[in-house]
Protein chains: 2
Amino acid sequence: MVKMVDVARLANVSTATVSRVLRNPESVKEHTRLKVLNSIEELNYQPNVLARHFRRNKTNTILVIVPNIANTIFSQIVRGIEATASEKNFRVLLGNTNRDVEKEYDFLNLLHQRQVDGLILLSGKIDHDILSELKDKYPLVLASEYVDDVEIATVCIDNIKSSFEATEHLIKQGHKRIGHISGPMNSLLSFDRLSGYNQALKEYHIDESKDLIREGDFSYETGYQQMCELLILPEPPTAVFAANDEMAMGAINASKKKGLSVPKDLAVVGFDNIRFSSIFDPGVTTIAQPAVEMGNIAMELLLQKLDDPDFENKRITLKSELIIRESCGSNIVETSQ
Amino acid sequence: MVKMVDVARLANVSTATVSRVLRNPESVKEHTRLKVLNSIEELNYQPNVLARHFRRNKTNTILVIVPNIANTIFSQIVRGIEATASEKNFRVLLGNTNRDVEKEYDFLNLLHQRQVDGLILLSGKIDHDILSELKDKYPLVLASEYVDDVEIATVCIDNIKSSFEATEHLIKQGHKRIGHISGPMNSLLSFDRLSGYNQALKEYHIDESKDLIREGDFSYETGYQQMCELLILPEPPTAVFAANDEMAMGAINASKKKGLSVPKDLAVVGFDNIRFSSIFDPGVTTIAQPAVEMGNIAMELLLQKLDDPDFENKRITLKSELIIRESCGSNIVETSQ
DNA sequence: ATCTGTAATGTAATCGATTACATTTTCAGT
DNA sequence: ACTGAAAATGTAATCGATTACATTACAGAT
């Protein structure tokens with residue numbers, strides 16, 4: 001393996017100069033720089049990244065902890081993160097947890113071991129105290145998820161507002177009995193989506209009913225089960241707002257199974273606008289998060305933190321959008337291609 | 001940061017002994033070992049991974065190149081890889097290419113730079129010559145995809161056989177005009193799925209027709225488009241075998257759009273058994289690959305290669321399974337929950 | 001008690017880039 | 001031409017674990 005001394009010898013300079021050419025080209029005279037670059041070329045020199053990491057105690061790698069990479073909302077955010085990261089010559093290590101908190105903690109070891117320089121969390125499950133300790137010790141950004149109390153750099157949408165809009169849309173279709181299948185209640189995001197739903201009901205003077213609110217865990221299966229529960233109520237809902245698209249699809253399939261037709265007998269709205277929402281039949285009306293952009297911004301925030309650990313922990317709120325498809329019975333209908 | 005010398009000092013031994021306790025415990029006397037372990041505990045010592053990587057010129061990290069991580073078939077394989085990897089204390093770096101060959105080559109730099117110790121490829125797009133050079137220079141395993149000519153450790157299923165079965169299933173339902181929407185023809189896997197289809201037609205004395213074979217690229221969109229093409233033929237097919245589930249769903253939706261009913265007017269079989277195939281309406285009949293197991297085995301093969309670069313490059317072929325759902329009009333019908 | 005061979009432990013070089021500090025070069029200003 | 005400051009380059013220490021080689025401890029044989 002060619003190393004820096006070899007280049008230095010050939011170019012007739014010191015290793016310090018070679019190193020500077022690579023990391024601080026402007027601090028080296030043009031003439032010398034060209035000599036060095038030529039030698040690098042001639043020897044086909046590639047710096048030893050591991051030595052560099054060791055010496056600088058940095059890896060140019062960041063960790064992204066994802067609850068479920070197979071969910072397109074997360075893979076899109078990751079795509080955004082990667083795009084911005086690779087521009088700045090950063091690598092992205094994916095920590096897929098399948099919604100298992102233990103695995104999250106496992107991945108955090110990578111931070112402690114300095115195998116990664118920073119962290120983007122797409123999951124809000126980690127304990128508050130640990131989170132608040134983390135954000136003081138390492139560059140940390142939350143994306144999509146968020147927490148209160150602790151001040152952490154965050155990119156997200158306004159979940160209360162978008163859930164309000166989703167529910168309002170159902171109300172405007174004339175529905176009065178509207179169910180909600182929520183996400184797991186240990187996450188603030190789930191809580192806010194529920195709040196948006198509640199606020200919409202209140203705003204339009206619709207009585208709340210505890211029976212109509214069911215807790216799921218963002219999986220298709222819980223959407224299916226909870227919908228079954230809702231359907232055996234003495235007075236079942238005529239519409240359902242599910243806290244994500246997978247659960248919405250679960251709810252739709254449960255209703256179909258019971259012989260109901262969506263949207264005629266039951267209107268459904270989801271959340272996230274995952275790829276299959278437009279492929280599914282009926283197309284799922286949903287709230288679209290600007291996922292790729294969210295990833296871009298999350299990475300930009302992290303880069304700033306990496307550069308200056310004291311950089312302000314701002315929260316950036318992006319706009320979401322209601323996408324109307326067939327599942328809610330609106331007359332405005334998108335094609336499913 | 002506590003380092004090895006600190007532990008050594010406290011335990012009253014040399015750093016060599018501390019290092020041995022960590023890497024070769026059996027070479028250290030029980031008495032000494034305990035002293036050292038106690039000191040490690042007491043000081044809460046964590047070895048500097050970067051220094052270790054540098055010194056050993058190994059990172060205990062492997063790279064997995066994936067065409068599209070949002071596709072559940074790939075995320076399942078990755079899950080299998082990760083499970084086996086983490087047992088052996090290996091990290092998995094995910095290289096998602098979105099089917100872009102350029103990005104594949106980018107990721108290969110990680111190998112050259114020794115940032116990863118080995119590679120599992122889930123894509124068969126890389127140039128033969130490069131592949132054959134790679135496999136001599138680095139531990140390399142192919143999973144799901146495979147190539148001929150070059151001898152590389154591989155885990156896969158028998159795509160010809162399973163496609164034969166899929167097509168045969170349609171034939172046994174009485175279909176005589178069966179279309180095929182293939183994968184991109186630069187991949188051997190697509191080619192084999194086409195071969196299986198052709199062999200089944202031949203076996204059952206059904207005339208082939210070039211018109212009925214359309215090339216897609218494994219995306220929903222091409223499935224949709226190619227099905228549209230098939231439907232405007234003077235004599236359109238009554239059944240279609242698509243080389244993956246996404247294209248099968250595209251085909252189904254295209255037919256629905258034209259007012260056809262699946263499976264009554266058109267029977268469809270897909271490939272891969274992605275998660276959404278059972279959620280889709282109608283449930284997609286498909287070939288299930290043992291994806292997680294495939295990942296496990298791929299990682300095991302790679303570990304063997306990492307251990308001994310001259311380890312035999314065997315190809316392991318796993319069993320696939322035909323999963324019958326509603327889309328093919330069989331009377332044996334699975335529920336879609 | 002002495003010798004021998006093996007097991008256990010220690011000493012110190014090593015991996016290769018980075019960088020604090022030292023030295024030399026350059027050049028503007030007189 | 002000379003001075004002094006700034007720019008360019010060089011010297012050598014440094015990061016922290018690993019490991020080849022050297023030394024010591026110890027058990028068993030004589």
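We name chains A, B, ... by the order of the sequence lines, and we start the count at 1 in each one. Hydrogens, waters and symmetry mates play no part in the numbers below; they use all other heavy atoms, side chains included.
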To the nearest angstrom, how far is [X] atom [atom1] from [N] atom [atom2]?
{"X": "Met4(B)", "N": "dT19(D)", "atom1": "CE", "atom2": "P", "answer": "10 Å"}
{"X": "Glu26(B)", "N": "dT9(C)", "atom1": "CD", "atom2": "C1'", "answer": "15 Å"}
{"X": "His31(A)", "N": "dA8(D)", "atom1": "NE2", "atom2": "P", "answer": "13 Å"}
{"X": "Lys35(A)", "N": "dA8(D)", "atom1": "NZ", "atom2": "C1'", "answer": "12 Å"}

Practice task
Respond yes when some side-chain nitrogen or oxygen of Ser14(A) is under 4.0 Å from OP1 or OP2 of dT11(D), and no when none is.
Solution key: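 Looking at the OP1 and OP2 atoms of dT11(D), neither is under 4.0 Å from any side-chain N or O of Ser14(A).
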
Problem - Short side-chain N/O contact to dG10(D) OP1/OP2 from Thr17(A), under 4.0 Å - result: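 For dG10(D), OP1/OP2 do have a side-chain N/O of Thr17(A) under 4.0 Å.
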
Exercise for the section: Answer yes when Glu30(A) and Arg33(A) have at least one side-chain N-carboxylate O distance shorter than 4.0 Å, and no when they do not. Expected result: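 Here Glu30(A) pairs with Arg33(A) in a salt bridge, since their nearest N and O are under 4.0 Å apart.
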
Practice task
Answer yes or no: is there an ion pair linking Asp6(B) with Lys3(B), defined by an N-O contact shorter than 4.0 Å?
Solution key: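 No, this pair does not count.
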
Classify the nucleic acid contact of [X] as base, sugar-phosphate or nothing, counting any heavy atom under 4.0 Å across all strands shown.
{"X": "Ser19(B)", "answer": "base"}
{"X": "Val28(A)", "answer": "sugar-phosphate"}
{"X": "Asn12(B)", "answer": "sugar-phosphate"}
{"X": "Val13(A)", "answer": "sugar-phosphate"}

Practice task
Would you jot down, in residue-number order, the residues of residues 42-62 of chain B having a non-hydrogen atom under 4.0 Å from DNA chain D?
Solution key: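 Here the set is Tyr45(B), Pro47(B), Asn48(B), Ala51(B), Arg52(B), Phe54(B), Arg55(B), Arg56(B).
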
All N/O contacts under 3.5 Å from nucleotides 20-25 of chain C to the protein, with atom names and distances to one decimal?
none

Practice task
Consider only side-chain N and O atoms of Gln115(A) and Thr61(A), and report whether a donor and an acceptor are under 3.5 Å apart.
Solution key: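 Side chains of Gln115(A) and Thr61(A): no pair found under 3.5 Å.
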
Exercise for the section: Say whether Glu42(B) and Asn44(B), considering side chains only, have a donor N or O and an acceptor N or O under 3.5 Å apart. Expected result: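 Glu42(B) vs Asn44(B): no donor-acceptor pair found between side chains.
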
Practice task
Could you list the residues that satisfy salt bridge (Lys or Arg N to Asp or Glu O under 4.0 Å) with Arg275(A), not counting sequence neighbours?
Solution key: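 Per chain and number, Arg275(A) pairs via salt bridge (Lys or Arg N to Asp or Glu O under 4.0 Å) with Glu221(B), Glu246(B).
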
Problem - Under the salt bridge (Lys or Arg N to Asp or Glu O under 4.0 Å) test, residues paired with Glu133(B) that sit two or more places apart - result: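 Salt bridge (Lys or Arg N to Asp or Glu O under 4.0 Å) list for Glu133(B), sorted by chain: Lys137(B).
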
Practice task
Would you indicate whether Glu41(A), at its atom CD, is surrounded by more than 12 heavy atoms from other residues, nucleotides or ligands within a distance under 6.0 Å?
Solution key: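 No.
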
Problem - Degree of bending, the helix from dA1(C)-dT30(D) to dT30(C)-dA1(D) (end axes from five pairs; round to 10°) - result: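 Here the local axes at opposite ends form an angle of 40°.
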
Practice task
Determine yes or no for a side-chain-to-main-chain donor-acceptor pair under 3.5 angstrom, with Thr72(A) supplying the side chain and Ser75(A) the backbone.
Solution key: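 No; zero donor-acceptor contacts below 3.5 Å.
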
Practice task
Kindly say whether Glu151(A) contributes a backbone atom to a donor-acceptor pair with the side chain of Asn313(A) at under 3.5 angstrom?
Solution key: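 Judged by distance alone, yes, a pair lies under 3.5 Å.
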
Practice task
Could I get the full list of side-chain hydrogen bond (donor to acceptor under 3.5 Å, both in side chains) partners for Thr15(B), not counting sequence neighbours?
Solution key: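 In terms of side-chain hydrogen bond (donor to acceptor under 3.5 Å, both in side chains), with neighbours along the sequence ignored, Thr15(B) is linked to no residue.
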
Exercise for the section: Kindly indicate whether the side chain of Arg114(A), heavy atoms from C-beta on, has any atom under 4.5 Å from the side chain of Asn57(A). Expected result: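 Arg114(A) vs Asn57(A): side chains touch.
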
